[in-house]
Amino acid sequence: MISYQIVEHGKPLQRTVLQTPKPQGTEVLVRVTRAGVCHSDLHIWDGYFDLGGGKRFYVRDRGCVPPFTLGHEPSGIVEALGAKAKGAKIGQRRLVYPWIGCGKCAVCKAGHDNYCVSGTRYLGVNRPGAYSTHVLVPDPKYLIDTTGIDDSFASTLACSAVTVYSAINKLPELGPKDSVAGLGCGGLGLIAISVLRAKGVKNIVGCDIDEAKLAAALRQGAKSVVNTRAPDAAQKLQGMAGAVDLVGSPATAALGIGALRKGGRYVICGLFGGELVHPLPPIAQRAIGIVGSYVGSLQELKEVVALAKKRKLKPSPVETRPADRANEALEDLKAGKVLGRIVLNFEMAQ
Ligand SMILES: [Zn+2]
Ligand SMILES: [Zn+2]
């Protein structure tokens, strides 16, 4: 198989020819057709997350040690099955749920692999991922049928859509007049607008520093937009019932928390980096919630796929590029040049 691997953090990925793995036990070998390029791939590529105050979390400490294959938005075709892999057939086109836990702890058994407490096996994070012609999946239960959904858009459901879906599930119950701010209108932000619309939220305020992304937010269904560099941005954002932070920087956190009305909730799922310093009494006095959300569960991904199949989820812009342009895709994403999502296509030239 051909993989595009991190050989040294921060250096270009290298095209590597490796032995194609043979699935054992319940494992399934999937021939990758599409792999989405996610913002968190940039952090894994760099080798760390910025914790603010000069502190860093190094990805090698959670098992991401080069040579390593990125990619946690895989879709493809079932190519081979282990002897105990039940419920999948060779030739099926499937989306792969990548947020796989140990499968044994109480949290995994309750269906929350994404919050596994004893040994995560996240594809493209601490297990070989989808920037490769083949990916090994531990069990057929992590495969989802996406028939009828555009292949490239379908792959982005595995991280960007399920991440925002899970974050939006953590908002308080919303009335018809309630407003929700989406902080950041990149790949996550645009699909967040689609998910909010699909859930019946009408008053969506798209926030970004880039006018092109704000224009895309309006096309995606935001009712209004705010350029957060404007001096009156904080004032314009007052009274939100919810704020979903798809960036996760000190600036967006301050804006999002400051925008909440009493009883409102700020949900952070962006991983840009930095630290939060906030006075404590107003958190109690305003009865606000500050909640983290990380990717989503297998059940949530199935719900997102069902919404997309029913055409209730307006696709965000997706640009498909041949897989051998993976480095260029990461560079463009890092430079902020990507509108929506880039998806690598492994059916085009290698
Ligand atoms: Zn991601
Ligand atoms: Zn577990």
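Atoms within each ligand, like the ligands themselves, are counted from 1 in listed order.
Remark: at the Zn ion (ligand 2), atom SG from Cys116 and atom SG from Cys108 enclose 100°, rounded to the nearest 10 degrees. Vertex the Zn ion (ligand 1), arms ending at SG of Cys159 and SG of Cys38: the angle is 130° after rounding to 10 degrees.
His72 contributes atom NE2 as its closest N/O/S atom to the Zn ion (ligand 1).
Tested against Val247, the residues Leu188, Thr252, Ile268 include a single side chain to side chain contact (heavy atoms under 4.5 Å, CB included) partner, Thr252.
No side-chain donor-acceptor contact under 3.5 Å links Asp113 and Tyr97.
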Arg34 vs Glu347, test: side chain to side chain contact (heavy atoms under 4.5 Å, CB included). Steps then yes/no. CA-CA 8 Å; Arg34 299 286 191 280; Glu347 294 175 309; 2.8 Å; yes
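The Zn ion (ligand 1) has no N, O or S atom of His39 under 2.8 Å away, backbone or side chain.
Figure legend: cation-pi geometry between Lys199 and Tyr165, with NZ or CZ positioned under 6.0 Å from the six-membered ring centre and within 45° of its axis.
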